[in-house]
Amino acid sequence: DAGFFTYDPGFMATASCHSAITFIDGEKGVLLYRGYPIEQLATKASFLEVAYLLFYGNLPSEQELDDFEGVIMQHTMLNENLKSFLDGFRYDAHPMAVLCGVVGSLSAFYHDSIDVHDPRYREVSAHRLIAKIPTIAAATYKHNVGEPIMYPRNDLRYCANFLYMMFATPCADYEPRLIAEKALNLLFILHADHEQNASTSTVRLAGSSGANPFACIAAGVASLWGPAHGGANEAVLDMLAEIGSVENVAKFIEKAKDKDDPFRLMGFGHRVYKNYDPRAKIIREVCHQVLEELADAKNPLFDLALELERIALEDEYFVERKLYPNVDFYSGIIYQALGIPRNMFTVMFALARTVGWVSHWAEMMSEPSMRIGRPRQIYHGPQVRDYVPISKR
Ligand code: SDX
């Protein structure tokens, strides 16, 4: 059933639920959103067009997209009282900590649409989340840099509006460059959904208890933060900075192979893909274009990433284990070229993935047979035994 988990003896947690949203073939490196290949959507669609596709199941007509964009733009502002909530965080709080807290708090402000059994309220909550997540994401950045929060502008498209809220200030306007808007549009599409990954399964499990959608998405944000999941894009840049130069690559490849060393090659490997992550292929190509157009000099981190990838893909350990670059390997380099700081990379991932999370949540909640998820376990603790008074222990 939706959200039902089964554990096999190998302790491999496999979330078995029914969904019609995203299909992945890990061996062939295939990713489809509602049947459409990611390669086509990434280069031909807008992010809100893909959001519509994931949530409603089909690509919108021109009128449907126009109406959808209109509804989303109407919800981009935050309740003014949320600003004082934001002000309560330490000035140097990690943006993901702020995002997690603020998204969870939305149920305190928008409780008029949390009747999860009413499809209309489910739609309104989804619209509110898709619309407000860029405003909240930009606000976590502004809080972190000590600048005033910028209000959204309804005359800008979704990605341009986000860039505006990130980089404009009351003293200086900011006109997003088209290359930056296009790069974000592509990155958000590539990160929008990915079947039953850890954070999406978290959202489903939380939602299966009937929890309100804002609390469920906050649970997804929390799960995504881990360095083995969405936190990897930030960890890749930290790793590249630690490697420092091409001369050190071999040493770090050996570290990644050493079972006694916790170091992992961040941005490499995947639970499902045992082939090149199709999203990584697309991002790698865009990296070249963005760096050419945006970054002044050739970005040494990109050259280092290319060399690290080349060496790793020739190394027996990685080849044997079918470890290829994943979506996180190159995305951070583009975000950095757009002027987005490392501690915001996972926030960017969460911004895009909110569309997938709300789509899965709504799909599950609309199923009449939906029951609470209740994972079982393989118990290997002590057999039954009697209590021993403390005087005898
Ligand atoms: C995302 O699920 C999703 O769809 C997630 C995601 C999404 O869109 O939602 O795609 C986004 O989370 C991408 C993954 C980002 N994380 C990283 O880049 C962190 C680095 N990667 C690893 O931590 C790891 O590859 C995982 C967590 C992604 C997967 O871990 P698994 O399932 O343990 O990997 P595996 O079973 O395929 O490992 C097989 C072998 C193991 O060694 P052996 O026990 O066989 O000797 O490969 C080793 C692993 O130790 N291995 C690595 C490695 N990844 C796996 N060794 C060195 N470096 C790595 N990165």
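Atoms within a ligand are numbered from 1 in the order they appear, just like the ligands themselves. Not measured: the values here are computed from a predicted model.
With distances taken over non-hydrogen atoms, the option nearest atom 35 (P) of ligand 1 out of K322, R321, E320, K274 is K274. The nearest non-hydrogen atom to atom 28 (C) of ligand 1, considering only G226, A312, G269, comes from G269. Comparing heavy-atom distances from atom 58 (N) of ligand 1 across D328, L190, I253, L265 singles out L265 as nearest. Proximity annotation for atom 5 (C) of ligand 1: of H270, R264, R271, H270 comes nearest, heavy atoms only. Comparing G267, A235, A280 by heavy-atom distance to atom 18 (O) of ligand 1, the nearest is G267.
Annotation: R279 places an N or O atom under 3.5 Å from an N or O atom of ligand 1; distance criterion only. At a 3.5 angstrom cut-off on N or O pairs, V327 does not count as close to ligand 1. Checked against a 3.5 angstrom limit, the closest N/O atoms of A228 and ligand 1 fall inside it.
The nearest heavy-atom contact from the protein to atom 4 (O) of ligand 1 is H194 ND1, 2.5 Å. In terms of protein heavy atoms, atom 22 (C) of ligand 1 is closest to F268 O, 3.9 Å. Annotation: atom 54 (N) of ligand 1 to nearest protein heavy atom, L323 CD2, 3.8 Å. Given atom 12 (O) of ligand 1, the protein heavy atom at minimum distance is H229 ND1, 2.9 Å. Protein heavy atom closest to atom 44 (O) of ligand 1, with residue, atom name and distance, is K259 NZ, 4.0 Å. Atom 14 (C) of ligand 1 has as its closest protein heavy atom N326 ND2, 3.6 Å.
The aromatic rings of F167 and Y174 are tilted relative to each other, their planes meeting at an angle between 30° and 60°. A perpendicular orientation is assigned to the rings of F263 and F252, their planes being inclined by more than 60° (bins at 30° and 60°).
Less than 4.0 angstrom separates atom 39 (C) of ligand 1 from none of the non-hydrogen atoms of the protein. In this structure, atom 26 (C) of ligand 1 is not in close contact with the protein, since no protein heavy atom lies within 4.0 Å of it. Distances from atom 60 (N) of ligand 1 to the protein include at least one heavy-atom value under 4.0 Å.
For Y273 and H194, the ring centers are positioned less than 6.0 Å apart.
Remark: of the listed residues F47, F55, Y52, Y52 is the sole one forming a ring-ring contact (aromatic ring centres under 6.0 Å, His included) with F68.
At a threshold of 4.0 Å, the pair E49-K44 does not count as salt-bridged, since none of the basic side-chain nitrogens sits closer than that to a carboxylate oxygen. Ion pairing of E27 with K274 is absent here, as no side-chain N (NZ or NE/NH1/NH2) approaches a carboxylate O to less than 4.0 Å. The existence of a salt bridge linking E175 and R153 is confirmed by a sub-4.0 Å separation between a basic side-chain nitrogen and an acidic carboxylate oxygen. With salt bridges taken as basic N to acidic carboxylate O contacts below 4.0 Å, none links K251 and E254. The pair R279-D277 counts as a salt bridge, with a side-chain nitrogen and a carboxylate oxygen less than 4.0 angstrom apart. Using a 4.0 Å cut-off between charged side-chain N and carboxylate O, E314 and R310 make a salt bridge.
When heavy-atom distances to ligand 1 are checked against a 4.0 Å cut-off, V236 has no atom that comes that close, whether in backbone or side chain.
Heavy-atom separations between H191 and ligand 1 are all 4.0 Å or longer. Residue R353 places a heavy atom less than 4.0 Å from ligand 1. At least one heavy atom of Y317 sits less than 4.0 Å from an atom of ligand 1.
T135 places a side-chain N or O within donor-acceptor distance of the main-chain N or O of T76, the cut-off being under 3.5 Å.
If you chain together hydrophobic residues whose side chains sit under 4.5 Å apart, V30 and I24 never meet in one group. Follow the hydrophobic side-chain contacts under 4.5 Å out from F23 and you never reach Y36; the two are in separate clusters.
Ligand-side atoms of ligand 1 in range of N197: 2 (O), 3 (C), 4 (O), 5 (C), 9 (O), range being under 4.0 angstrom from any heavy atom. Taking a cut-off of under 4.0 Å to the non-hydrogen atoms of M266, the atoms of ligand 1 that pass are 18 (O), 19 (C). Distances below 4.0 Å separate heavy atoms of A256 from the following atoms of ligand 1: 56 (N), 57 (C). Proximity to A232 (heavy-atom distance under 4.0 Å) selects the following atoms of ligand 1: 15 (C), 16 (N), 17 (C), 18 (O).
Here the shortest heavy-atom pairing between A256 and F318 reads CB-CZ, 4.0 Å.
Counting heavy atoms from C-beta outward, K142 and L86 have side chains that stay 4.5 Å or more apart.
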